[in-house]
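Just below is one structure, and these are the notes that go with it.
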Amino acid sequence: MEEILRTVKKIMRNAVSLLGVVLVSFFIVVAICAPFLAPPSYPGDPYQMPRSGWSVTPQSPSLQNPFGTTEGQYNIYYGVIWGTRTAFRVGLIVIGFALTIGLIMGTLAAYFGGWIDELLMRITDIFLAFPFLVGVIVLVTILGPGLNHVMLAMIIFYWMTFARLIRGSILQVKENQYVMASVALGAPGYGIIAHHLIPNSIYPIIIQVSMDMATIPLLAAALSFLGLGAPVGYADWGQLVAFSRNWIISSNGGNPFQFWYTIFFPAITIVLYALGWNLLGDTLRDILDPKMLI
């Protein structure tokens, strides 16, 4: 309890840390309350953005469409709200599966060493040889566009980061006396891994996960912008930015920013979401890194 109180006080003392926690908490609340903030027009498919018509020209913010509409009359407000759920869904699924694979590979390699370490790390090196974004784009192109295919491709080409990180941490923890004592007493390998190695090696992973919760959804949004991710009309921030690219600068010479809302609301949402998770990651690093404790 004292440790928790000390952690809370440390966060409250630092305005930057507090801002990160507030931003992440805000997006979590938005994702949870999405059905109340933006009631679905299609209950069977709540991620489908409602349309106010078929006109190509975006419409400015109004009571019906608080953030305005995109080309094709998709509701920007609805896309921003439900796009938050999409961001969390992509982040949690990709990071969850990639972390599980990386945790297994890195733990087995570090604990057993020898030829097992050599084999698993060479497999890891093979996957690392492919540039992440290029590998994802190629695989999605082969599988076909779609958010599920994007998540699968990202899992396949991202687990190596966690495998390398956990392996390095466990190699350090293995040298501690309490681990050696457990080995000398004949404790089973799975018990040593579960009770000593992973709990004392997981802190760098927690920090990495926080950072990845910012980058992974944004990479998926970038692929949606390129037409490889979510289908047209799906509530996704990358989709909203793609709709706005023809309207960032208006052809109306007297008012070049006439359609400012088409890019402003999706862009500010993306910036605040990434900022919140990165600030939270810095906060976790300051709290969990023993070298930075005061």
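For clarity, every value in this text was computed on a predicted model and none was experimentally measured.
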Which residues pass the side-chain hydrogen bond (donor to acceptor under 3.5 Å, both in side chains) test with [X], not counting sequence neighbours?
| X | result |
| --- | --- |
| Trp247 | Glu71 |
| Thr70 | none |
| Glu118 | Arg122 |

Between Tyr47 and Tyr234, how do the two ring planes meet: parallel, tilted or perpendicular, split at 30° and 60°?
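Correct class here is parallel.
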Could you grab the distance from atom CG of Leu23 to atom CD1 of Ile28, nearest 0.5 Å is fine?
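Here the rounded value is 11.0 Å.
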Can you tell me how far the CZ atom of Phe264 sits from the CD1 atom of Ile248, to the nearest 0.5 Å?
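Taking CZ in Phe264 and CD1 in Ile248, the distance rounds to 14.0 Å.
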Heavy-atom check, side chain of [X] versus side chain of [Y], under 4.5 Å:
| X | Y | answer |
| --- | --- | --- |
| Phe26 | Val30 | yes |
| Ser52 | Gln64 | yes |
| Thr107 | Leu197 | no |

Are [X] and [Y] near enough that their ring centres are under 6.0 Å apart?
| X | Y | answer |
| --- | --- | --- |
| Tyr273 | Phe88 | yes |
| Phe162 | Tyr158 | yes |
| Phe265 | Trp237 | no |
| Trp277 | Phe27 | no |

Hey, is the main chain of Ala230 close enough, under 3.5 Å, to the side chain of Gln239 for a donor-acceptor pair?
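Side chain of Gln239 to backbone of Ala230, a donor-acceptor pair under 3.5 Å: yes, one is there.
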Please tabulate, one pair per line, all N/O donor-acceptor pairs under 3.5 Å involving side-chain atoms of residues 131-156, not counting sequence neighbours.
from, atom 1, to, atom 2, distance (Å)
Thr141, OG1, Ile137, O, 2.6
Asn148, OD1, Arg89, NH2, 3.2
His149, ND1, Leu143, O, 3.4
His149, ND1, Gly144, O, 2.7

What pairs meet the side-chain hydrogen bond (donor to acceptor under 3.5 Å, both in side chains) rule with one or both residues in residues 163-172, with sequence neighbours excluded?
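Every pair satisfying side-chain hydrogen bond (donor to acceptor under 3.5 Å, both in side chains) with a residue in residues 163-172: Asp117-Arg167, Asp125-Arg164.
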Salt bridge (charged side-chain N to carboxylate O under 4.0 Å, His left out) contacts touching residues 193-203 (sequence neighbours left out):
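The answer is none; no pair qualifies.
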